[in-house]
Amino acid sequence: MRIILVGWGVVGQSFAKIIVHRKKELAKKYGFRPRIVAIVDKQGAAINPKGLDLEKMVALKKEKGTVAASKQYGHPGMSALDVIESVEAEAMVEVSPTNIETAEPGLSYIKNAFRTGKHVVTTNKGPLALALPALTELADYNNVFLRFSGTVGAGTPVLEFAKNCLQGDKLLSIKGILNGTTNYILTEMDEKHITFDQALKAAQELGFAEADPTMDVDGYDAAAKLVIMANWIMDKKVTIKDVKIRGIRDVSSKTIEAASKKGYTIKLIGSIGETIKVEPTQISKHDPLAVDGALNAVTFVSESAGEQTIVGLGAGGVETASAVLRDMLDIKQNIANRIIT
Ligand SMILES: NC(=O)c1ccc[n+]([C@@H]2O[C@H](COP(=O)([O-])OP(=O)(O)OC[C@H]3O[C@@H](n4cnc5c(N)ncnc54)[C@H](OP(=O)(O)O)[C@@H]3O)[C@@H](O)[C@H]2O)c1
């Protein structure tokens, strides 16, 4: 399978490391022999139809700041759109930065990949939060697959659990902690009796929170994930505009302390039921969702199987890259099934 990799940051390079280190096993066990024919970062691209040497590309990025610096294969200034248009490949892995206001540039990359007949795996929530119903239709129209399991729960298979393991059952509602940064902050406030500002500062120093924490602490990241789940798992045609969003900035240490004394804790809970919302919520410390630190946890309530909760890390380069690999293998399997039928 020839793959174009758009984005050569934490997730892109982690994916490359996995497929290099597990090359033999992936070929033997799954018949998966990926060939990365192009890599794109902000400054340009590296292209080799025979397959790029990924270890050299990691070293080059570290040394020169861009894959476009390759003497043999580099194309400084070449845009991802030009690469998608001109390089022959079966699939694109889209791991460029998330923008949930415009969804760009990821949205255009995905549409162009579809238009040129490429399957897409993405971990970018922006295009999905703003246009998932349209994108799934466009993928069908172009007879290609779109997969995005890394967008919710990173390596924790939240989407697959609901879609595949609960297949046939009727899902009634979903609720969960979908953002590790805010969970870390709330846990610190609870355990160390510190204020929101102090906990945010600690999270930033440890690399759990961005310098601009808006996406996380104001609830937008969790809301984007809810939109993806509502569309993909519950067949609701919604976008982020349909989500009621309240973040954790106004959660005080007093509120947390008062809840704690009664055996409760405050968590940023996203839920899909009659309405779709994200808000700080008081839950029992014995609730399966009451996980600590940067963990994510999602409870599914279904008609026959009842309540199940899946817990795991919701971020991390290698964790998210494992979801990209899972999605690629799923696409490969789907292509094989299509050939058989
Ligand atoms: N890291 C995680 O734990 C995690 C978990 C779940 C989902 N995600 C999502 O996965 C995506 C990638 O995350 P990441 O952590 O790998 O981010 P990252 O380290 O910031 O890497 C982003 C990459 O995209 C490249 N890029 C920036 N603008 C571009 C453009 N206009 N066209 C093409 N490439 C462009 C960057 O180029 P330069 O290298 O030149 O700057 C960089 O290589 C994001 O959408 C993120 O939200 C990440």
Side-chain angles (χ1 to χ4, degrees), residues 4-18 36 38-47 54 57-58 60-70 74-85 87 92-110 112-113 120-130 147-159 178-181 184 206-216 220-225 228 294-296 312-327:
I4 295 172
L5 203 46
V6 177
W8 192 232
V10 176
V11 178
Q13 292 189 42
S14 299
F15 174 63
K17 283 175 192 160
I18 294 179
I36 308 295
I39 299 175
V40 190
D41 62 26
K42 236 171 6 201
Q43 296 179 57
I47 302 172
L54 298 177
M57 287 295 130
V58 170
L60 186 66
K61 178 79 179 169
K62 200 169 170 194
E63 193 193 332
K64 307 267 187 190
T66 174
V67 290
S70 165
H75 296 262
M78 189 169 184
S79 74
L81 284 176
D82 287 341
V83 172
I84 295 163
E85 196 77 42
V87 175
M92 170 179 77
V93 170
E94 199 283 315
V95 284
S96 74
T98 290
N99 177 335
I100 62 160
E101 272 157 35
T102 66
E104 295 296 355
L107 183 59
S108 299
Y109 297 164
I110 295 173
N112 274 279
V120 172
V121 173
T122 184
T123 59
N124 182 349
K125 293 168 283 275
L128 308 177
L130 269 78
R147 291 290 179 269
F148 41 84
S149 72
T151 54
V152 182
T156 312
V158 176
L159 295 178
L178 298 161
N179 180 272
T181 305
Y184 178 82
L206 285 166
F208 281 125
E210 306 276 337
D212 176 3
T214 310
M215 273 282 285
D216 295 321
Y220 298 115
D221 177 73
K225 291 168 181 167
I228 295 168
L295 282 174
N296 283 195
L313 278 176
V318 76
E319 289 83 354
T320 311
S322 76
V324 173
L325 175 61
R326 233 169 32 222
D327 285 349

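Quick note: numbers below take in every heavy atom, side chains included, and nothing from hydrogens, waters or symmetry partners. What you see is a predicted model; the values in this text were computed from it and never measured. Every number for a ligand or one of its atoms is a count from 1 in the order of the listing.
The closest heavy-atom contact to atom 22 (C) of ligand 1, among the options V324, V95, V83, comes from V95. Here the shortest heavy-atom distance to atom 24 (O) of ligand 1, taken over P97, G9, A45, belongs to P97. Atom 35 (C) of ligand 1 has its nearest heavy-atom neighbour, among S96, A224, G317, in S96. Of the candidates K61, Q43, K225, the one placing a heavy atom closest to atom 38 (P) of ligand 1 is K61.
Ranking protein heavy atoms by distance to atom 4 (C) of ligand 1, first place goes to T320 OG1, 3.6 Å. Ranking the protein heavy atoms by distance from atom 29 (C) of ligand 1 puts K42 CG, 3.9 Å first. For atom 25 (C) of ligand 1, the closest non-hydrogen atom of the protein is G7 CA, 4.0 Å. Of the protein's non-hydrogen atoms, the one nearest atom 9 (C) of ligand 1 is T123 O, 3.2 Å. Looking at atom 47 (O) of ligand 1, its nearest protein heavy atom turns out to be T98 OG1, 2.8 Å. Of the protein's non-hydrogen atoms, the one nearest atom 3 (O) of ligand 1 is G316 N, 2.7 Å.
Contact annotation for S79 and ligand 1: no heavy atom of the residue comes within less than 4.0 Å of the ligand. Looking at A315 against ligand 1, both its backbone and its side chain come within 4.0 Å, counting heavy atoms. Of the heavy atoms in V11, both backbone and side-chain atoms come closer than 4.0 Å to ligand 1.
Here is the list of ligand 1 atoms found below 4.0 Å of a heavy atom in N124: 45 (O). Below 4.0 Å from some heavy atom of Y109 lie the following atoms of ligand 1, by number and element: 30 (C), 31 (N), 32 (N), 33 (C). Using a 4.0 Å cut-off to heavy atoms of W8, the atoms of ligand 1 that qualify are 23 (C), 42 (C), 43 (O).
If you run side chain to side chain contact (heavy atoms under 4.5 Å, CB included) between Y109 and each of I4, I84, V40, only I84 comes through.
Between the side chain of D327 and the backbone N or O of S149 there is at least one donor-acceptor pair closer than 3.5 Å. A donor-acceptor pair under 3.5 Å links the side-chain atoms of K225 to the main chain of L178, judged by distance alone. Under a 3.5 Å cut-off, the side chain of T320 and the backbone N or O of G150 do not form any donor-acceptor pair.
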Would you check, one step at a time, whether the test side-chain contact (heavy atoms from CB on, under 4.5 Å) holds for L206 with Y184? CA-CA 11 Å; L206 285 166; Y184 178 82; 2.9 Å; yes

Walk me through it: do L130 and L107 pass the test side-chain contact (heavy atoms from CB on, under 4.5 Å)? CA-CA 9 Å; L130 269 78; L107 183 59; 5.9 Å; no

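Closer than 4.0 Å to atom 16 (O) of ligand 1 lies at least one heavy atom of the protein. Within a 4.0 Å radius of atom 20 (O) of ligand 1, the protein contributes no non-hydrogen atoms.
Using a 4.5 Å heavy-atom threshold, the side chains of H75 and V83 count as separate.
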